[in-house]
Each structure stands twice: as structure tokens, then as C-alpha cells.
Participant: 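Shown below is the structure under consideration.
Throughout, a chain's letter reflects where its sequence line sits, starting with A, and its residues are numbered from 1.
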Amino acid sequence: MALIYIDDLKNHIAEEIKISGWLYNKRSSGKVRFLVIRDGTGILQCVMVKGIIQDDVFNLFDTITQETSLHVFGKIKKDDRAPGGFEMELTNIQIIAIAKEYPITPKEHGVEFLMDLRHLWLRSSRQHAILRIRHQIIKAIREFFDNRGFILMDAPIITPAACEGTSTLFETDYFDLGKAYLTQSGQLYGEAGAMAHGKIYVFGPTFRAEKSKTRRHLTEFWMVEPEVAFADLNDNMELAEEFLEHIVTSVLKYRSAELKTLERNISILEKVKKPFPRVSYSEAVEILKKEGIDFEWGNDFGGTDETIISEGFDRPVIVHRYPAKVKAFYMKRDPQNPDLALAMDVLAPEGYGEIIGGSQREDDFDLLVQRIKEHNLPQSAFDWYLDLRRYGSVPHAGFGLGVERTVGWICGLEHVRETIPFPRMIYRLTP
RNA sequence: UCCGCAGUAGCUCAAUGGUGGAGCAUCCGGCUGUUAACCGGAGGGUUGCAAGUUCGAAUCUUGCCUGCGGAGCCA
């Protein structure tokens with residue numbers, strides 16, 4: 001017999017059915033008792049009245065504790081008084097396993113306590129909604145690229161050297177070959193893929209060993225990185241805005257119930273339509289100065305700078321053409337001004353900061369060799385990467401989108417630690 | 001690594017130098033439509049750890065531990 005799920009109850013009104021789940025909450029007013037069941041797809045209020053149901057079933061109420069697993073049997077009816085709009089008139093209950101005293105009670109808890117119990121916290125309605133939206137975002141990401149002929153190309157997670165040579169990497173011993181590192185970006189491999197397939201995307205976990213202690217940082221996070229051959233900075237910015245529009249539209253369409261659970265103000269999300277405002281780095285610096293910020297041209301923006309810049313716009317804003325010296329070695333210089341890199345960042349509204357970073361890549365062999373030297377990187381480690389310029393180099397561009405920051409923004413969360421099932425942070429390795 | 005904040009019952013918090021409490025959770029009792037149900041009762045404490053000041057410390061001082069927020073770095 002196929003399981004019936006709570007989110008499908010509308011097709012089973014007036015039927016006698018079985019629902020399998022866990023006790024979410026229970027209430028009683030003596031002779032009338034309510035069991036609230038969750039089955040992973042929703043919650044269902046079940047009601048029983050003494051004298052109408054068998055006494056031995058009625059009395060099971062006292063032994064069923066929060067999160068006890070059980071089957072409930074009864075007839076489904078519409079009832080506006082019930083959360084979810086449907087109610088089951090109980091005829092029978094089968095207990096599978098009585099739960100021990102459950103630590104997460106239907107009252108407030110602190111984040112530290114809940115994070116220690118993350119494996120159980122995932123069951124509560126808010127976390128449930130967040131992870132369903134995360135799922136939708138990831139689905140929309142894959143859908144977007146798949147529908148446009150991009151090929152998914154997995155990059156290695158264990159790598160021989162830094163991709164960008166700046167961040168601190170997690171290090172491990174690799175047999176007789178010396179040290180290996182966990183990847184901080186699949187991009188360089190993605191460029192190889194773009195030269196083979198035209199347009200690809202890398203989607204995988206990335207790792208940063210920096211001791212970042214902010215609401216925007218995890219040591220392990222997921223990143224999607226498209227890379228397109230024969231594309232320039234403008235193509236890259238257009239791709240990014242169509243991409244973000246698609247993701248947000250998809251979440252609004254398929255996860256409105258979850259956004260409501262999170263009490264997200266969706267009017268802000270509804271404005272995420274292309275074209276996004278575009279400002280150059282220099283214009284962004286002017287915005288900061290107009291707001292009274294003491295900011296020197298040539299520095300990179302900090303978190304608060306990004307917030308101030310994005311506050312002037314009602315949708316994500318693209319900042320382009322950064323000073324080359326604050327950006328990575330592989331970025332192509334602006335032919336109009338060699339001090340600038342053809343880089344672009346997308347800043348999310350409401351202070352969520354940088355969710356996309358990308359650029360047109362340097363495609364000239366000699367210039368790339370020069371950049372590697374300027375950044376004091378070992379050229380031997382990049383010899384394979386230079387091959388991409390030796391053998392049929394073309395203009396190409398791409399970007400990386402941080403999944404957790406995007407989930408945090410769309411859900412309206414305070415901290416990215418709630419956007420991933422089991423966050424890894426500098427002071428948290430468990431559960 | 002640096003700066004700031006916090007640590008009291010299983011959980012969330014109160015008590016600011018003078019007898020450590022409340023709500024929730026647990027246990028017992030009551031209630032025929034509850035909505036984080038409600039009402040009555042009970043049990044539950046090395047106030048993060050160590051030292052110091054004081055007649056007296058959860059409260060003041062110092063050190064340590066743990067966590068949170070921010071800076072730097074980045075998505």
C-alpha cells in the first residue's frame with residue numbers, strides 16, 4: 001500500500017486513511033484530545049473524543065511523547081480550525097517507538113543549544129522551510145544551466161595548490177606526492193571545461209581555512225561556477241542577472257508556503273527582475289563618499305561598505321571594473337584602463353553583501369605568465385592552466401555564486417549557519 | 001590574530017553586595033474544540049572554572065575556559 005503524505009490530503013477528503021509520522025505536539029481539554037502529527041511534508045491535527053473512540057486508543061494519548069513515531073488511522077475532513085486546513089477523526093493509533101524526553105520544546109531556545117542539537121533541529125518548522133527553499137534554489141540553479149546547454153563538470157576537491165594563492169587552505173598529506181589541499185574554487189578547472197564544451201558549470205563544495213567569524217562565513221560551503229567560452233564581461237553580467245532572476249522566480253513560484261513560514265517580506269524578492277543596476281567601482285566609491293564614508297580609491301569594499309552601496313537600490317546591484325590589485329591574478333585588465341580588472345560582483349539587497357563574484361579571464365599567454373610572477377605564484381603549478389592559452393585561447397568569462405549566502409538572502413536569515421544542514425565553522429565541527 | 005558582549009534549573013530568562021526565582025519541559029490532578037491550549041500541585045541549583053576583596057559575592061576584581069557578534073579575508 002502506497003504511503004499517503006500530508007501534503008496530498010486534498011485528494012483524500014472523506015477517505016479512511018493511514019498517515020505515518022511523528023508527534024509534533026499534543027493538546028487536551030479532557031474528553032477531547034488533539035495529536036498534531038508531522039510526516040516531513042506537513043502537519044496534520046488529529047482529534048479524538050472519549051466515548052466515541054475505543055478507550056484503550058484514547059488512553060494512548062498519555063503515553064505518546066513529543067517526537068514519538070506512529071501511524072494514525074482515520075477519516076480526513078476539511079476544518080479551518082486545524083493548522084493546515086485538514087483534520088483527521090482518529091479511529092486508531094499504532095505506536096512505532098516512544099520518544100525519550102525531547103530536548104527541543106515548543107518554546108524559545110538559544111542558537112548555541114539548537115546548533116548542538118542540529119540533527120534534531122532540522123525537524124522544526126523553520127529549519128524545515130529553509131532546507132526546502134535551499135533545495136528549490138539548487139534545483140533552479142541546475143535547471144537554469146541545463147536548459148541553456150551548459151554541461152555540469154565536476155572539479156576536483158583535492159587539489160595540489162592554491163587556485164588564487166590568497167586564502168588559507170585546509171592541508172592534508174597525500175601519500176608520496178607531498179601536501180594536498182581542499183579546493184577553494186573549481187574555477188580554473190572550469191575554464192578547461194569551457195574550452196572543451198563551450199559552456200559548463202562546476203557545482204560543488206569549497207573550503208576556506210580562514211578564521212572568519214561573521215554571519216556570512218562558513219569553512220565549508222557550496223558554490224556554483226559557470227564558465228563560458230567566447231564571452232566577455234558584459235555577457236557575464238547578463239548571465240548573472242538572468243540567473244538570479246530565474247532562481248528568485250522559481251522560489252516565489254514553488255516555495256511560497258515556506259517563505260510565509262519564515263515571514264519573509266516577498267515584495268522585495270518580487271522586484272528581482274533584470275536589468276539590475278550596474279555601477280563601476282569608481283561610481284561605488286562616489287556613493288560611499290556621498291554617504292560620508294572615508295574611503296580611499298583602490299581598496300576593496302568591506303561588509304559595511306557593501307551594505308551602504310546596496311541600500312541605494314531596490315534589487316541586486318552589479319559593481320564592475322575593480323582595481324586590478326585587489327583582484328585575482330587571472331582576471332583580464334580593462335583595455336580602457338589597465339589599472340582596472342574586468343571583474344564584477346553582485347551585491348544582494350538588504351545588506352546581504354556579495355553573493356556573486358566573477359570576471360572576464362586573462363586569455364593572453366604572456367600577460368598571464370606576467371601576472372603569475374607578480375603574485376609570486378609558482379608557475380609550474382599553473383603550467384596546465386597556461387596550456388589553455390597555448391592551445392587555442394579565446395576570450396572567456398565566468399562567475400561563482402555562493403549557495404549559502406543566496407539562501408540566507410532569499411530566506412531573510414540573520415546568519416548563513418542556518419542555510420546548510422550541518423554547518424562547519426571555525427568553532428563547530430559537530431554534529 | 002585583534003576588539004566588544006555573554007555564561008544562573010533540561011531550555012529561555014529574572015534576581016546588581018543581604019534567605020537564588022518565574023515560564024516552558026518532566027511527574028501528579030482537572031477540563032467535550034484545543035491552536036507555543038489553559039487551571040491547580042510536586043520534584044529539579046557546585047550561579048562556567050580558579051583565586052581574591054568583604055561580616056556577607058550570582059552580583060565587585062584578576063586569570064582561565066566556552067560561546068556569540070564584529071574587524072581582517074572572502075562566496
Participant: Measure from CG on A/Asp79 to C1' on B/U34 and round the result to the nearest Å.
Facilitator: 11 Å
Participant: Hey, what are the protein-to-nucleotides 65-67 of chain B N/O distances that come in under 3.5 Å?
Facilitator:
{"from": "B/G67", "atom 1": "O2'", "to": "A/Glu112", "atom 2": "OE1", "distance (Å)": "3.0"}

Participant: With rounding to the closest Å, how many angstrom separate the C1' atoms on B/C65 and B/A51?
Facilitator: 15 Å
Participant: Whole-Å distance between B/A25 C1' and A/Leu23 CG?
Facilitator: 14 Å
Participant: Centres of the A/Phe145 and A/Phe243 rings: under 6.0 Å?
Facilitator: yes
Participant: Distance check, P atoms only: B/G48 and B/G10, in whole angstrom units.
Facilitator: 13 Å
Participant: Which listed nucleotide (B/A75, B/C31, B/U32) is nearest to the side chain of A/Ser28?
Facilitator: B/C31
Participant: For nucleotides B/G40 and B/A6, find the distance between their P atoms and express it as a whole number of Å.
Facilitator: 35 Å
Participant: Would you indicate what A/Glu87 reaches in the nucleic acid, counting non-hydrogen atoms under 4.0 angstrom: base, sugar-phosphate, or nothing?
Facilitator: base
Participant: For the pair made of CD1 in A/Ile104 and P in B/U26, what is the distance, rounded to whole Å?
Facilitator: 14 Å
Participant: I need the CD-P distance between A/Glu67 and B/G10, as an integer number of Å.
Facilitator: 22 Å
Participant: Between A/Lys332 and A/Glu362, is there a side-chain N and carboxylate O pair less than 4.0 Å apart?
Facilitator: yes
Participant: Among the candidates B/A71, B/C74, B/G33, find the nucleotide nearest to the side-chain atoms of A/Asp300.
Facilitator: B/C74
Participant: With respect to the phosphate group of B/G69, does any side-chain polar atom (N or O) of A/Arg417 fall under 4.0 Å of OP1 or OP2?
Facilitator: yes
Participant: What's A/Thr406 touching, base or sugar-phosphate or nothing? Going by heavy atoms closer than 4.0 Å.
Facilitator: nothing
Participant: Does A/Phe34 reach a base, just sugar-phosphate, or nothing at all? Heavy atoms under 4.0 Å.
Facilitator: base
Participant: Tell me which nucleotide among B/C11, B/G33, B/A36 gets nearest to the side chain of A/Lys77.
Facilitator: B/G33
Participant: Between A/Arg315 and A/Glu270, does any NZ, NE, NH1 or NH2 come within less than 4.0 Å of an OD or OE carboxylate oxygen?
Facilitator: no
Participant: Taking the P atom of each, how far is B/G43 from B/U1, in whole Å?
Facilitator: 48 Å
Participant: Between B/C68 and B/C60, how far is it from one C1' atom to the other, in whole Å?
Facilitator: 24 Å
Participant: Expressed in angstrom and rounded to an integer, what is the separation of A/Ile426 atom CD1 from B/G69 atom C1'?
Facilitator: 12 Å
Participant: Atom CZ of A/Phe301 and atom P of B/A75: how far apart are they, to the nearest Å?
Facilitator: 15 Å
Participant: Distance criterion of 3.5 Å, no angle test: do you see the side chain of A/His109 paired donor-to-acceptor with the base of B/C11?
Facilitator: no
Participant: Nearest whole Å is fine: how far is B/U34 C1' from A/Ile43 CD1?
Facilitator: 13 Å
Participant: Expressed in whole Å, how much space separates the C1' atoms belonging to B/C49 and B/U8?
Facilitator: 15 Å
Participant: Under 4.0 angstrom, heavy atoms only, what part of the nucleic acid is A/Arg216 near: base, sugar-phosphate, or nothing?
Facilitator: base
Participant: Classify the ring geometry of A/Phe170 against A/Phe207: parallel below 30°, tilted from 30° to 60°, perpendicular beyond 60°.
Facilitator: perpendicular
Participant: Go nucleotide by nucleotide along RNA chain B from the 5' end; which of A/Arg405 and A/Tyr102 gets its closest nucleotide reached first?
Facilitator: A/Tyr102
Participant: Hey, does the side chain of A/Gln66 reach the backbone of A/Ile104 with a donor-acceptor pair shorter than 3.5 angstrom?
Facilitator: yes
Participant: What integer distance in Å separates A/Arg208:CZ from B/G72:P?
Facilitator: 16 Å
Participant: Work out how far the C1' atom of B/G44 is from that of B/C24, and round it to whole angstrom.
Facilitator: 14 Å
Participant: Using 4.0 Å as the upper bound for N to carboxylate O, is an ion pair formed by A/Arg264 and A/Glu350?
Facilitator: yes
Participant: Base, sugar-phosphate alone, or nothing: which one does A/Pro83 contact when heavy atoms must sit under 4.0 Å apart?
Facilitator: base
Participant: Please tell me which of the listed nucleotides, B/G69, B/C31, B/A25, lies nearest to the side chain of A/Glu101?
Facilitator: B/A25
Participant: Return the minimal non-hydrogen interatomic distance between A/Pro83 and A/Gln45, and the atom names on each side.
Facilitator: CD-OE1, 3.6 Å
Participant: Salt-bridge test for A/Arg428 and A/Asp116: reply yes if a basic N is under 4.0 Å from a carboxylate O, no otherwise.
Facilitator: yes
Participant: Once rounded to the nearest 0.5 Å, what's the spacing between atom CD1 of A/Ile37 and atom CG of A/Asn25?
Facilitator: 10.5 Å
Participant: Is the centre of the A/Phe382 ring less than 6.0 Å from the centre of the A/Tyr330 ring?
Facilitator: no
Participant: Classify the nucleic acid contact of A/Leu218 as base, sugar-phosphate or nothing, counting any heavy atom under 4.0 Å across all strands shown.
Facilitator: base
Participant: Choosing from B/A71, B/C74, B/U32, which nucleotide comes nearest the side chain of A/Lys213?
Facilitator: B/A71
Participant: Would you indicate which nucleotide in B/U34, B/U1, B/A75 comes nearest to any side-chain atom of A/Arg27?
Facilitator: B/U34
Participant: When you measure from the side chain of A/Gln45, which nucleotide among B/U34, B/G10, B/A75 comes out closest?
Facilitator: B/U34
Participant: If only side-chain N and O atoms of A/Lys211 are considered, is one of them under 4.0 Å from the OP1 or OP2 phosphate oxygen of B/U1?
Facilitator: yes
Participant: For a quick check of understanding: with a heavy-atom distance under 4.0 Å over all strands, which category does A/Glu404 fall into, base, sugar-phosphate or nothing?
Facilitator: nothing
Participant: Check for me whether the distance between the ring centres of A/Phe113 and A/Trp121 falls short of 6.0 Å.
Facilitator: no
Participant: Which residue lies toward the 5' end of RNA chain B, A/Met223 or A/Thr105, if each is placed at its nearest nucleotide?
Facilitator: A/Thr105
Participant: Answer yes if the ring centres of A/Phe301 and A/Phe295 are under 6.0 angstrom apart, and no otherwise.
Facilitator: yes
Participant: Quantified in whole Å, what is the P atom distance between nucleotide B/A50 and nucleotide B/G70?
Facilitator: 33 Å
Participant: Are side-chain heavy atoms of A/Leu70 and A/Leu60 found at a separation under 4.5 Å?
Facilitator: no
Participant: Would you sketch RNA chain B in dot-bracket for me? Only Watson-Crick or G-U wobble pairs with both distances under 3.5 Å count, crossing pairs as [ ], other-strand pairs as |, the rest as dots.
Facilitator: (((((((..((((....[..)))).(((((.......))))).....(((((..]....))))))))))))....
Participant: Spell out yes or no: do the side chain of A/Ser212 and the base of B/C73 have one donor N/O and one acceptor N/O closer than 3.5 Å?
Facilitator: yes
